[in-house]
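This report concerns only the one structure given below.
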Amino acid sequence: MSERRVWTFFVLLVLAACGGGGSSGPAPTAPGGSVPTVAPSGAPTAAPTKTPIPGPTKTPTPGPTKTPTPAPSQSPAVTVTVDGTSSGPAISEDLLGASLAAWSDITQPFIESSMASTGFHLVRWLGGSASDEYHWATNTVCQGYVNPSSTFDAFAHDVFEPAHLDVAVTLNYGSNAACNGGGDPAEAAAWVAHAKAGGEPVAYWTVGNEEFGSWEYDLHASPHDPATYANAVATGYYPQVKAADPGAKVGVVVGGSGYPSWDKTVLQNATYDFVEFHYYAQAPGSESDAYLLGQGVTDFANAVAALRTEMNGDGVALSVPIYVGELNSVYANPGKQTVSIVNGLFAGMAVAELMKQPGVTMATWWLAYGGCSTGTNDSSSLYGWQSFGAYTLFSDGGGECGSNIATATPFPDARAYALLIAFAPAGSTSRSAQLSPATANVRAYADTSPGGEALLLFNLNENAAATLGVELQHAAKPSFNATQTTYGKAQYDQSQTGAWPGPATTSLGTVGSQFSVTLPPWSMTLVLLR
């Protein structure tokens, strides 16, 4: 993974069971960093890469004091109006994805089972900076570490085939097999041919990771050069991959507004089927709960929209999709915020924002499994009960940085994804959801699917519950059977005593075109109308 950069419907039973830049604000990526290192034991370190840091364990520091939840007012102060005649973009199931890392043993059965039971639709492999030094046929890297069990065939047989996942693979652009020159398109094409011949279908192949960044492993004579990259894709990777599998989709990497020269050269000169963009909302050490839950979500949505504007300006058709290949809250050294309710809320809102944007069809969270970090940002200014951080959606088990968390326990980010997956089953289309009056404390999203209508509601007030009025305009029928499923601070706070419970589901009974719901403090609530 790069060191510095900003960077289906499943049933509610599963919901209950399943469980990155300047310091003043985010940018699509940040320059800097160095090549991944190898710990004496052969395990990867987390700094400066996103590989987890195996550090000393720490005695957990006291978390924030819990504040009693005030009773909400009886009459809704805010109303969300959903227009039944509105029709936004179709929501792609491939927006609901996560990455796996080669340093982790992906043959462990809980990895496939947790991703399948949660309902993920897309998995990325092997993602991150290691991709540019990885040689698939030998399962080796030019430097650094990969788990000897984590071959591509093991990934296919143990993860994506049994879990019925779509797959995105990052091809090696940085190095040839001898590790003495730039990537070899023939090596990449052989991988594509191997996957096709073995019946191991891969939908998306991206050429390289973050080639615009100096942190990326690139042995070309002109490293990190957009013209070199665009030419290599247009004359080598794209035609050879297509020859190996005509149905394969080939992607190029872009940096967004922080790298306009790179993007313009690549977008105008390379040949590709999609573009891949990475986003991390914050720099390590400057994390802020208030920013992440407020302007941070807006900034992310704006960055993706700005990329589409950039693509339009370079003559790229709307039919060429954007793939958000990496997404999380901080681009390196994850601290306690990454396993708190705050990160879970950010994950839910960020992906919900992607569902509203046309032409964004794939996204993968960084990452599903891969370890944790200690000695990072445990500031008392950040809400949370843990003394470690983790990019991962689920616990790897085995004493998570000195704590006792069962294997495959969903962290708040995974709980958010479970709600998102239930919110947007196959065939969903985004709806307009307008808040009146506008408020910073509530975010609302809506969609429609063959099964009915759905709302995904976020209360961003840490201490106060909110009563939200719901008005359904031009509804398809006069009444609905309604259920409410909520995950929030109340559930997360139990982690301070070692419990990681799932969301709570209640029946709202039969509702008409106007009704109200109560949103607990710092929570995400899924309302299904059937």
Checklist entry - Looking at side-chain heavy atoms only, is the closest gap between Ile421 and Thr118 below 4.5 Å? => result yes
Item to check | side-chain contact (heavy atoms from CB on, under 4.5 Å) evaluation trace for Glu287 with Leu382 | outcome: CA-CA 8 Å; Glu287 297 96 325; Leu382 301 174; 4.1 Å; yes
Item to check | Parallel, tilted or perpendicular, as decided by the 30° and 60° cut-offs, for the rings of Trp365 and Tyr417 | outcome: perpendicular
Checklist entry - Taking atom types as modelled and ignoring hydrogens, do the side chains of Tyr217 and Asn172 form a donor-acceptor contact shorter than 3.5 angstrom? => result no
Checklist entry - Does Glu133 use its side chain to pair, donor to acceptor, with the backbone of Ala130 at less than 3.5 Å? => result no
Next on the checklist: For Thr364 and Glu326, which I'm curious about, is there any donor-acceptor pair between the side chains at under 3.5 Å?
Outcome noted: no
Checklist entry - Are a donor atom and an acceptor atom from the side chains of Thr298 and Arg443 found within less than 3.5 Å of each other? => result yes
Item to check | Expected output: side-chain Gln357 to main-chain Leu354 donor-acceptor under 3.5 Å | outcome: no
Next on the checklist: I'd like to know if the side chain of Asn459 and the backbone of Pro520 have a donor-acceptor N/O pair within less than 3.5 Å.
Outcome noted: yes
Item to check | Donor on one side chain, acceptor on other, Tyr369 and Gln108, under 3.5 Å | outcome: no
Next on the checklist: What I want to check is whether the side chains of Thr140 and Tyr134 have a donor and an acceptor closer together than 3.5 Å.
Outcome noted: no
Checklist entry - Looking only at atom types and distance, does a side-chain atom of Lys336 sit under 3.5 Å from a main-chain N or O of Trp385, one as donor and one as acceptor? => result no
Next on the checklist: salt bridge (charged side-chain N to carboxylate O under 4.0 Å, His left out), that's the test. Do Arg530 and Glu453 meet it? Break it down for me.
Outcome noted: CA-CA 7 Å; Arg530 300 296 187 245; Glu453 308 294 318; over 6 Å; no
Item to check | Plane angle bin for Trp366 and Tyr391 - parallel if under 30°, tilted between 30 and 60°, otherwise perpendicular | outcome: perpendicular
Checklist entry - What pairs of residues pass the disulfide bond (SG atoms under 2.5 Å apart) test when at least one of them lies in residues 117-167, not counting sequence neighbours? => result Cys142-Cys179
Item to check | Trace of the side-chain contact (heavy atoms from CB on, under 4.5 Å) decision for Val324 with Met362 | outcome: CA-CA 6 Å; Val324 181; Met362 303 100 76; over 6 Å; no
Next on the checklist: Closer than 3.5 angstrom, by distance alone: can the side chain of Asp447 be matched with the main-chain N or O of Ser430 as a donor-acceptor pair?
Outcome noted: no
Checklist entry - Between Gln282 and Ser288, is there a donor-acceptor pair closer than 3.5 Å when you use the side chain of the first and the backbone of the second? => result yes
Checklist entry - Without hydrogens or angle criteria, can the side chains of Gln337 and Asp289 be said to hold a donor-acceptor pair below 3.5 Å? => result yes
Checklist entry - Going by the angle between their ring planes, with limits at 30° and 60°, are Phe394 and Phe120 parallel, tilted or perpendicular? => result perpendicular
Checklist outcome for this item: Exactly one candidate in Trp136, Trp125, Trp191 meets ring-ring contact (aromatic ring centres under 6.0 Å, His included) with Phe152; the answer is Trp191
Checklist entry - Between the side chains of Thr525 and Thr486, is a donor N or O closer than 3.5 angstrom to an acceptor N or O? => result yes
Item to check | Identified ring-ring contact (aromatic ring centres under 6.0 Å, His included) partner of Phe300 from the options Tyr291, Tyr279, Phe277 | outcome: Tyr279
Next on the checklist: Under 3.5 Å, is there a donor on one side chain and an acceptor on the other for Asn461 and Trp522?
Outcome noted: no
Item to check | Test side-chain contact (heavy atoms from CB on, under 4.5 Å) applied to Asn343 and Leu292, step by step | outcome: CA-CA 8 Å; Asn343 222 56; Leu292 194 62; 3.7 Å; yes
Next on the checklist: List the residues meeting side-chain contact (heavy atoms from CB on, under 4.5 Å) with Asp166, not counting sequence neighbours, and say none if there are none.
Outcome noted: Asp94, His121, Leu122
Checklist entry - Do the side chain of Asp396 and the main chain of Gly371 share a donor and acceptor less than 3.5 angstrom apart? => result yes
